[in-house]
Amino acid sequence: MVCLFPDRIRTDRLCLEAADLDSVTLEQLYEAYSGPGLEDVMAYVPLEPYSTPEEARSFLERAGSKRGENDSATYAIYLRDGEDGAHEFAGTTTLFPDWDRGSASLAIVLLEEFWGRGYSGERAAAMFAVAFDVLDLKVVAIGCLPENTQSKRAIEGYVDRFNGTSDGLFRNARCLDGEPVDLHRFTVTREQYDAATPTPEPTLEYT
Amino acid sequence: MTDHPLFPARIETDRLRLEAVHTDTLDREDVLEFYDICSSDPNIEEVTQYLTWDPHRTPKETLEFIEHMSDRRDESEGGSYTIYPRAGEDGAGTFAGDCGFGVDWEKRTMTLGIWLRKAFWGRGYSGERAVAFMTLAFDVLDLEVVLVDVWVENERSRRAVERYTEACGGGQDGRLRNWHVQDGDPIDVYRYSVSHEEFQANRPDTTLRFDGEPVGLLE
């Protein structure tokens, strides 16, 4: 099947590489996602710190096959030259298209040492470019647990820059570790994105 | 079987009787009566305008709907009920529409749905039936939240849903963009919800019977 997602996306400060068994080394991913110090990073996402390298392998294998089926696009986040920690692996981000609904949702895991630099918003801008300019979707949604105040602030910031909206707090909208949780939902529509002040355009690359 | 250990086969509210839809208890005549209404009742196009289904074109479609709802009931995933006004109501004993629920046991939620023949609009039946299912959700099934999604363009239903969710202590959660697919196109819905705690604190004073037994009485 032809893969619709770009292989690599460059923003001002980040390089997003399609995550599969070829692009990210198992050692890198396992080291980063096996802790210690991941409690805060993974507190509000459906992910537990890895306890075996097999979990890292199966994550990458799954990311590769999902990507091959155009089901979802997971990227490894690297810092570009000039950034503190250049070329380091900083986390992962995924775009989940829902083709029938004409929408997509976003997820990110960013290692704690890279928090507070605005990388999440920069990565979101790249994901918006893929969702709207390449995949021609109509809405991108971002969900956030109400108690995850740090992410909520970051999301509010970039959703606002793209003219998006906070659409509500939805009760028992998701299950996390088997328990129902409430979810704030933010969206940016195609029209809102098109009307936003252009930021430096991410470069989408296909190999 | 219509007999389900958790979902009542018959629900009575002050003004309505709800009968569980199941292939085991419906005969050919029932299915054809159901079909007549779902295919060619006066104003059926208007009734189904904002629903997830279009008027039925063959009795087979009606039967498939009934079989689908029977399976959902057997699997404890949901139920569908035909609605009859009780004695004293205009049109007592006639088929007035259909309502139902879906249960997401993992999220501990129940989602409601209803349609009424146009002749039965404007009587507050929707709110009365909603209170019956909220009682089922919270008192019997021990769920946490009851949800209702309304297409943003369906202003009439929005007003009704807003009224009864707010009367039970809940209200609108927000707008879900591109949430349902209607005739191939994504549509936005407003989501309303009522939690267990809100319902306990705002339980309407009403008489309810599940399979003949009184339920939902104020403690």
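None of the values given here were measured: they were computed from a predicted structure. Every chain is numbered from 1, with letters handed out A, B, ... down the list of sequences. Reckoned from all heavy atoms, side chains included, excluding hydrogens, waters and symmetry mates.
Atom CD of A:E54 has more than 12 neighbouring heavy atoms from other residues, nucleotides or ligands inside a 6.0 Å radius. Annotation: B:E153, atom CD; neighbour count of heavy atoms from other residues, nucleotides and ligands within 6.0 Å is above 12. Surrounding CZ of A:R174 are at most 12 heavy atoms belonging to other residues, nucleotides or ligands under 6.0 Å away. Other residues, nucleotides and ligands contribute only 12 or fewer heavy atoms inside 6.0 Å of the CZ atom of A:R62. Taking a 6.0 Å sphere around CD of A:E147, one finds it holds more than 12 heavy atoms contributed by other residues, nucleotides or ligands. Within 6.0 Å of CZ in A:R80 there are more than 12 heavy atoms belonging to other residues, nucleotides or ligands.
Atom CD of A:E179 sits about 9.5 Å away from atom CD of B:E106, to the nearest 0.5 Å. Taking CZ of A:F170 as the start and CZ of B:R175 as the end, the distance is 10.5 Å to the nearest 0.5 Å. The CG atom of A:N172 lies 7.5 Å from the CG atom of B:L147; values are rounded to the nearest 0.5 Å.
Put simply, the side chain of B:N178 gets close to the backbone of A:R101: a donor and an acceptor are under 3.5 Å apart. Distance alone, capped at 3.5 Å, places no donor-acceptor pair between the A:D167 side chain and the B:G174 backbone. Without hydrogens or angle criteria, A:R171 side chain to B:S193 main chain gives a donor-acceptor distance under 3.5 Å.
Heavy atoms closer than 4.5 Å to chain B are found in the side chain of A:T165, but not in its backbone. With a 4.5 angstrom heavy-atom cutoff, B:I187 does not touch chain A via any of its atoms. With a threshold of 4.5 angstrom between heavy atoms, A:R185 approaches chain B through side-chain atoms but not through N, CA, C or O. For a residue to count as touching a neighbouring chain, one of its non-hydrogen atoms must lie under 4.5 Å from one of that chain's; by this rule B:T109 touches chain A with the side chain only. Heavy atoms of B:V146 lying under 4.5 Å from chain A are absent altogether.
Residues B:E144 and A:P180 meet the side-chain proximity criterion, which asks for heavy atoms closer than 4.5 Å.
Annotation: maximal heavy-atom pairing with chain B below 4.5 Å, among A:A141, A:A173, A:S103, occurs at A:A173.
Scanning all heavy atoms of the two residues, the minimum distance from A:G102 to B:P186 falls at N-CG, 4.1 Å.
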